[in-house]
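Let me begin by presenting the structure, written as structure tokens, before commenting on it.
Because only heavy atoms are used, hydrogens play no part in the values below, and waters and symmetry mates are left out as well, while side chains stay in. Model, not experiment: these values are computed from the prediction.
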Amino acid sequence: MEITDEKLRQIVQETLNELGPHADPVLVRKVVREVVRQLENNKAPKRLTLVAPLVTEKPGSGSPPGY
């Protein structure tokens with residue numbers, strides 16, 4: 001599959017929607033590269049699941065991580 005500029009923008013936007021506005025840029029790049037790799041290999045990308053929850057609160061703030 002050829003990855004057009006429009007398709008790449010769509011992949012990046014969907015990745016940012018899933019990871020949130022404060023996502024680590026390194027993580028965003030990893031996810032986008034993996035999706036592009038799978039598309040280029042003609043494999044339907046599986047839904048990527050994060051191994052650890054995103055931590056949005058400071059430790060000790062009273063809220064569990066990711067909530």
Side-chain angles (χ1 to χ4, degrees):
M1 169 181 230
E2 181 182 343
I3 308 298
T4 63
D5 287 341
E6 181 58 34
K7 187 65 173 174
L8 185 57
R9 277 192 285 279
Q10 180 186 4
I11 293 167
V12 170
Q13 187 60 48
E14 288 181 21
T15 301
L16 290 172
N17 287 341
E18 287 292 320
L19 297 178
H22 302 292
D24 179 15
V26 173
L27 179 60
V28 172
R29 279 191 294 277
K30 285 181 181 180
V31 170
V32 170
R33 284 182 185 144
E34 178 60 20
V35 171
V36 169
R37 186 188 67 76
Q38 289 184 20
L39 287 171
E40 287 175 338
N41 290 331
N42 294 320
K43 295 179 184 174
K46 297 175 185 172
R47 183 169 180 88
L48 298 174
T49 304
L50 296 177
V51 175
L54 295 175
V55 177
T56 57
E57 297 289 328
K58 293 181 182 177
S61 67
S63 297
Y67 297 117

Val32 vs Leu8, side chain to side chain contact (heavy atoms under 4.5 Å, CB included): CA-CA, chis, key distance, verdict: CA-CA 8 Å; Val32 170; Leu8 185 57; 3.8 Å; yes
Worked check of salt bridge (charged side-chain N to carboxylate O under 4.0 Å, His left out) between Arg37 and Glu40: CA-CA 5 Å; Arg37 186 188 67 76; Glu40 287 175 338; over 6 Å; no
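Scored by the side-chain contact (heavy atoms from CB on, under 4.5 Å) test, Gln10 finds Lys7, Glu14 as partners (sequence neighbours excluded). The side-chain contact (heavy atoms from CB on, under 4.5 Å) search around Asp5 returns Arg9, not counting sequence neighbours.
Distance check, rounded to the nearest 0.5 Å: CZ of Arg29 to CG of Asp24 gives 8.0 Å.
Between Thr15 and Leu27 the shortest side-chain heavy-atom distance does not fall below 4.5 Å.
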